[in-house]
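Owing to the predicted nature of the structure, the values given are computational and were not obtained by experimental measurement. Whatever order the structure lists ligands and atoms in, that order sets their numbers, starting from 1. Position 1 is the first residue of the sequence, and the numbers go up from there.
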Amino acid sequence: MSESLFADASRRLEKAWKHVVLSDDTIERLKYPKASLIVSIPVRMDDGSLKVFQGYRVRYDDTRGPTKGGIRYHPDVSIDEVTSLAFWMTFKCAVLNLPFGGAKGGITVNPKALSKFELERLSRGYIDAIADFIGPDVDIPAPDVYTNPMIMGWMMDQYSIIRRQLSPAVITGKPITLGGSLGRDTATAMGAFFVVQNLMPRFDQIPEKTTVAVQGFGNAGAVLAQLLSQAGYKVVAVSDSQGGIYARTGLDIPSVRQFKEANRGVKAVYCEGSVCNIVEHEVLTNEELLTLDVDILIPAALENQITAANAPAIQAKYVFEVANGPTTSEADQILEQRGIQVFPDILVNAGGVTVSYFEWVQNRSGLYWTAEEVNQRLKQKMIEETGRIWQITQDRAVSMRTAAYIHGLSRLGEAINAKGTRADYMG
Ligand code: GLU
């Protein structure tokens with residue numbers, strides 16, 4: 001695909017614009033990121049050599065509050081990708097009515113090729129490079145693909161050293177002992193689970209008669225697979241970057257998770273031990289998983305997985321986007337024409353940033369909540385906003401994605417207008 005990811009991402013907005021009364025200023029403003037930073041991060045490697053890594057932080061829009069969004073470590077990270085992810089965060093925060101704008105960060109690196117010490121030096125170096133761009137009232141990072149609480153802890157510490165004051169609210173997704181929130185680690189999966197549970201009855205789809213395939217077995221995909229199977233759904237296929245496994249009669253997800261942890265890959269699960277005794281498996285590729293004959297397909301890995309090339313072959317009736325941007329806009333069109341319901345990333349995976357918001361609130365108030373309280377508040381928010389977006393699909397006969405953008409755009413437009421427009425003083 002020659003078109004940039006960001007150009008494709010912005011296309012989602014165009015469909016929603018005509019449904020919302022917006023000033024021209026709002027439309028013009030939302031076409032561009034507020035600020036983008038590209039940095040070089042020199043890192044002393046364990047062998048004594050110096051290596052320079054490329055890092056990014058994009059603050060897309062801060063009208064509704066300080067910007068918020070994760071930091072991704074991946075060899076394919078680019079300014080185009082980070083900008084798209086920051087754009088999606090802006091809408092995600094608006095859809096969930098969090099008092100935040102959107103941002104994203106990343107480093108072009110394969111973190112699996114670094115030692116733990118190198119990873120720590122890189123993470124601290126990144127914060128040194130972007131410290132003036134972030135802050136508890138300015139821009140608040142969090143984990144994303146291949147970053148985790150340990151890295152957030154180093155980053156918070158580095159920022160606190162620079163500022164000469166403990167600053168837990170500068171970053172979320174921290175270890176619990178450094179001010180992290182209970183329930184943050186499972187929040188993305190839990191949020192998606194509440195959305196599935198809320199929407200499926202509207203299609204008369206009951207868990208026991210619903211088969212599910214999950215692409216991506218990281219923090220979000222693995223926990224969601226487990227929550228769904230506990231609730232009675234039949235999870236028949238899962239995969240990670242190395243490939244996947246399929247069992248017509250359903251997988252035993254807790255065993256798959258245990259084996260993945262011990263053997264570092266879903267494929268290693270296959271016939272390496274007891275899981276094989278429980279059910280018959282087939283090994284499949286990520287591409288094959290996407291086109292399986294299942295009721296629900298859950299892309300929970302990276303963007304651009306469902307494209308114009310494979311969209312005609314998708315057999316699932318419902319797609320829940322747990323990854324950010326897994327469906328291209330062309331593919332979206334094809335799925336819509338084929339009557340496949342796509343539930344969009346900016347709603348489905350918003351549980352993560354919602355509990356990040358709770359973490360930030362706890363850091364600032366100094367009062368810490370129980371896991372039950374966190375999950376209860378998360379559930380309430382997810383269900384409330386899912387209901388609102390569903391209502392828009394009914395009132396305006398639009399897809400869930402367009403409805404979610406209409407919903408987010410209304411809130412953003414209102415805030416942009418409330419701050420005053422150029423027309424007010426330029427006559
Ligand atoms: N990286 C996550 C996302 O894409 C979470 C962001 C956050 O917690 O700020 O939504």
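Taking the centre of each ring, F203 and W390 come in below the 6.0 Å mark. A ring-centre distance under 6.0 Å is found for F100 and W360.
Here the side chains of Y318 and M200 are in contact, with some heavy-atom distance below 4.5 Å.
Each of the following atoms of ligand 1 lies closer than 4.0 Å to a heavy atom of M89: 3 (C), 4 (O), 6 (C), 10 (O). Less than 4.0 angstrom separates some heavy atom of D144 from each of these atoms of ligand 1: 1 (N), 2 (C), 4 (O). Near G69, with a cut-off below 4.0 Å to any heavy atom, the atoms of ligand 1 are 9 (O). Short contacts between ligand 1 and K104, defined as distances under 4.0 Å to a heavy atom of the residue, involve ligand atoms 1 (N), 3 (C), 4 (O). Each of the atoms 7 (C), 8 (O), 9 (O) of ligand 1 lies under 4.0 Å from some heavy atom of S356.
Close N/O approach between A142 and ligand 1 is not found [any backbone or side-chain N/O within under 3.5 Å]. Ligand 1 has no N or O atom lying under 3.5 Å from any N or O atom of T172, backbone or side chain.
Contacts between I140 and ligand 1 below 4.0 angstrom, taking non-hydrogen atoms only, are absent altogether. With a heavy-atom cut-off of 4.0 Å, P141 does not touch ligand 1 at all.
Ion pairing of R124 with D157 is present here, as a side-chain N (NZ or NE/NH1/NH2) and a carboxylate O approach within less than 4.0 Å. One finds no salt bridge joining R401 and E336 here, because no Lys/Arg side-chain nitrogen approaches an Asp/Glu carboxylate oxygen to under 4.0 Å. By the 4.0 Å N-to-carboxylate-O rule, D61 lies too far from K34 to be salt-bridged with it. R121 has a carboxylate O that lies under 4.0 Å from a charged side-chain N of D46, or vice versa, which qualifies the two as a salt bridge. A salt bridge does not link K104 with E303: every distance from a Lys NZ or Arg NE/NH1/NH2 to an Asp or Glu carboxylate oxygen is 4.0 Å or more.
Considering D240, N286, L297, L302 in turn, N286 is the only one that fulfils the side-chain contact (heavy atoms from CB on, under 4.5 Å) rule with Q215.
Distances shorter than 4.0 angstrom occur between a heavy atom of R184 and an atom of ligand 1. No heavy atom of G173 sits closer than 4.0 Å to any atom of ligand 1.
Considering only non-hydrogen atoms, atom 10 (O) of ligand 1 lies nearest to K92 out of K92, R72, E359, K68.
For atom 6 (C) of ligand 1, the closest non-hydrogen atom of the protein is G70 N, 3.7 Å.
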